[in-house]
2 protein chains.
Amino acid sequence: MKRDNKVMPSLAEAIRQTGLRDGMTVSFHHHLRDGDAVLNLVLAECEKLGVRDLTVNASALMACHHPIVDFIRKGTVTGIECNYMHPVVGHEISKGLLAREVIFRSHGGRPAALERKEAHIDVAFIAASTSDRAGNCNGRDGRTAFGSIGYAMPDAEHADNVVVVTDHLAPYPVSVASIDERYVDAVVVIDSIGDPDKIMSGTTRVTRDPIGLLIADYTARALSASGLLEDGLSFQTGAGGTSLAVASFIGEIMRGRGIRGSFASGGITGMLVDLFQEGLFETLIDVQCFDRDAVRSIRDNEKHREISASTYASPAVKSSVVDHLDIVILGATEIDSQFNVNVHTDSNGFIMGGSGGHSDTAAGAKLSVIVAPLIRARLPLIVDRVGTISTPGKDVDLLVTQYGLACNPEKTELDYRLRSAGLPVFTIEELHERAVGITGVPGRHPSQGRPVARVVSRDGDLLDIIRAVNR
Amino acid sequence: MKRDNKVMPSLAEAIRQTGLRDGMTVSFHHHLRDGDAVLNLVLAECEKLGVRDLTVNASALMACHHPIVDFIRKGTVTGIECNYMHPVVGHEISKGLLAREVIFRSHGGRPAALERKEAHIDVAFIAASTSDRAGNCNGRDGRTAFGSIGYAMPDAEHADNVVVVTDHLAPYPVSVASIDERYVDAVVVIDSIGDPDKIMSGTTRVTRDPIGLLIADYTARALSASGLLEDGLSFQTGAGGTSLAVASFIGEIMRGRGIRGSFASGGITGMLVDLFQEGLFETLIDVQCFDRDAVRSIRDNEKHREISASTYASPAVKSSVVDHLDIVILGATEIDSQFNVNVHTDSNGFIMGGSGGHSDTAAGAKLSVIVAPLIRARLPLIVDRVGTISTPGKDVDLLVTQYGLACNPEKTELDYRLRSAGLPVFTIEELHERAVGITGVPGRHPSQGRPVARVVSRDGDLLDIIRAVNR
């Protein structure tokens, strides 16, 4: 390939030039979330070219990636590594679709595995909303702008071959080169890399549900009592409705007390952009934009900083942003009396999610808080033993439900502070009893099938095994 | 070291914590040019700690680094690798100060050697005008701001240990993290990393010398005739007075013809900033700031892009900026009839410089132009065989002197274009004869001593050997 012009006439030609062969690993990012077109397009092209037995290493598989099920059936794809898997794919995996075990990592564990050479990418396909002919590219410019391209940066650094797939070829040089030409082998221009309107998933609005608001209120009061809501505060929350309500309530407290935080991090939402623009946080640190406001903000504000997934959360580098976090607000599908959290499988054992940055931020933050309703779909949140360990209980400090709070027994000072503030603090066993008092003890049917997935910790160790659901 | 706070109480403590031992390699950048305080400070501390036999890998050794001569005499330093060496150090090396041969590389060859694992850095000491406690740092903020920190970026990526040395500790997170915390082991705060007023060396003004102006005029006319002065033009020049005059004349031509260039690159000067701000160049690509105007501009303009030395010029990555250059204007101490250029040694064989980006840009650019007076200090520019080959003649296209121009014989179309434009074009032999007709044939005394330095090409091959001067 030419060093000064890497534009290929077609995706097929780019794939051919990389030397992609049967058995290799291809990678993708999920910054376009449910609007991504590139993963499906590339796999379809691989199938046409007769390439088989591929492993797909994707930062996440969303609902829009459902066609991967067909590519698995046809033998084009025979392996998956990812940090999150939508139920439409997960259920098929749980039913035994794939012979090889899926490898689940976290957002920090994925770059760490590349850095430790435990994972290898032969060809990275990187969707970019703007690229020049040499591969200097980003996600902030162009009509399909999606903001931070952080999850793809480790792929660019570590893959043997890097193909940038764009729908906007700009003149050389693109001056904000989130990914630098020195990593890029080929550039392909296609009609559309996806639909940026689908970046925002249904979860990025403050909840109006009274249970969610009650949990958020308890959480805000707990944080207020924790001693961490001080100048220089750093904070991360997800895009779920309750998490956004927590962010909103924290903003109110900060405003009231005149507190100025140092940074908010993670997936960035319009809610955090508002707090930032108001001056409540000095900077935003962004590995992924969750909505249009975040996409606009990262383009326009130097203090809205784009980072690599490695800088975000890798434990294999000399430090990362999660090491500096004071508070993180996280969700859970299940939590057990050891505070282990499950975000991988549902109550029937089907794969329906994944760690994302859950275990990374829980490990890094001074205070990691799980917010969730005590009862969901007539099932208790708290169980004897979680179906899958996604985040080990040692990294979880506090559970907040609408019926009250429970501190990890290791956190005696936190427990004291919350009780002193008059919050309804219980042991997790007490909350467990409360839940089963309402729902009854649910029949549990641990999956007994063959292993279909391994959950690998951010440090590279086996955390749990997910088995096929045979019923 | 702690992942969330890497600040060490002293430089000595930081050095101890890195495990620096006898025989290791330490690295430095020269962005503060003749105002740098860090190299001398670190070596003094190493001496106090009793560490001996160090190899210093510095992007350049300036006049202010003269104390390294004493550290060599004392045995603290026994090896040097660099891309440029000021005569105050060079003359001592040429007299046989160092037992081991100096390794001279180019600005692109240095990162390439790290990328190919031909060079290794045990501990990188990186002067930064601003850093936070985790090592997110840059050269653009703080009272000692020097702009781009591009030469240090490969060191951060490849060194086993990275120590950031700063005189301005900012709150976490520094949002323009030119070097990212994930690479940094320790942060040391000292009183002053240097004197930014000495960034601008004496050479960053347009010449008023009529010979320099005549050469610049010929050069501008040659470029104009070359067919490359078109929309999308990319251009690099050094900070010498004649080079700046060329930039100024090119600006006039572009203005007159309504040409808009894509980028100007390299060491950036106020002259290039002016052309950029006028809109004559779309972007600036900056591996090093040569003056205060450039330092201000890189801080304030997103389209004034800071790049790593690897992105600038490494031949070991998938492409770099020099691969996109149309025109580069370079100097020479000597040039021979094969168009080989010497910028390492003076007419007496003493080391007085080095490649910097000379050979990188000459190799990458479509048109590489050497501008130099035909006679200097009563010596002819053109010689039978250069004292040292810094840039191979195959990469040099055109020589411009005040007595006329000479094209590399390979460049027949260029020769035709220049002659057609009425420029005084000669063969290089004719210009040689013209020069010696004025100066007489100088007595040449090739150095016969033992090898004191090796000049390594950007591709890692031996280009030439520099021998001790024994007289």
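Just so it is clear, the values below take in all heavy atoms, side chains as well, and ignore hydrogens, waters and symmetry mates. Treat the numbers as computed from the prediction; the structure is a model and nothing was measured. Lettering follows sequence order; numbering is per chain, from 1.
Between chain A and the options P315(B), G232(B), G364(B), heavy-atom pairs under 4.5 Å are most frequent for P315(B). Options I307(B), V162(B), L284(B), N136(B) differ in how many heavy-atom pairs under 4.5 Å they form with chain A, and the most are formed by N136(B). No other option in G135(B), S310(B), P171(B) has as many heavy-atom pairs under 4.5 Å with chain A as S310(B). Here R182(A) is the residue among H304(A), K303(A), R182(A) with the most heavy-atom pairs under 4.5 Å with chain B.
A donor-acceptor pair under 3.5 Å is absent between the side-chain atoms of R3(A) and the main chain of V322(B), judged by distance alone.
Looking at V176(B), the atoms closer than 4.5 Å to chain A (heavy atoms on both sides) all sit in the side chain, from C-beta outward. Residue contact with chain A, scored on non-hydrogen atoms closer than 4.5 Å, involves the side chain of E115(B) exclusively. Of the atoms belonging to S234(A), not a single heavy atom falls under 4.5 Å from chain B. For chain A, the nearby parts of S262(B) are the backbone and the side chain; heavy atoms of each come within less than 4.5 Å. With a 4.5 Å cut-off on non-hydrogen atoms, V174(B) touches chain A through its backbone but not through its side chain. Only the side chain of I285(B) comes within contact range of chain A, with heavy atoms under 4.5 Å apart.
Taken from OG1 in T311(B) to OH in Y183(A), the straight-line distance is 7.0 Å, to the nearest 0.5 Å. D323(B) contributes atom CG, which lies 7.0 Å from atom CD of E181(A) (distance to the nearest 0.5 angstrom). To the nearest 0.5 Å, atom CZ of residue F263(A) and atom OG of residue S175(B) are 12.5 Å apart. Note that CG of D180(A) and CZ of R305(B) are 5.0 Å apart. Values are rounded to the nearest 0.5 Å. In this structure, OG in S319(B) is found 2.5 Å from NZ in K6(A), a value given to the nearest 0.5 Å. Atoms NZ and CG, from K366(A) and D4(B) in turn, are 6.5 Å apart once rounded to the nearest 0.5 Å.
Side-chain contact between Y172(B) and V321(A) is present, with at least one heavy-atom pair separated by less than 4.5 Å. When side chains are defined from C-beta on, R299(A) does not count as touching E302(B), because their heavy atoms never get closer than 4.5 Å.
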Before giving the answer on salt bridge (Lys or Arg N to Asp or Glu O under 4.0 Å), spell out for E157(A) and K318(B) the whole-Å C-alpha distance, their side-chain angles and the decisive distance to 0.1 Å.
CA-CA 11 Å; E157(A) 289 177 26; K318(B) 290 166 181 178; over 6 Å; no
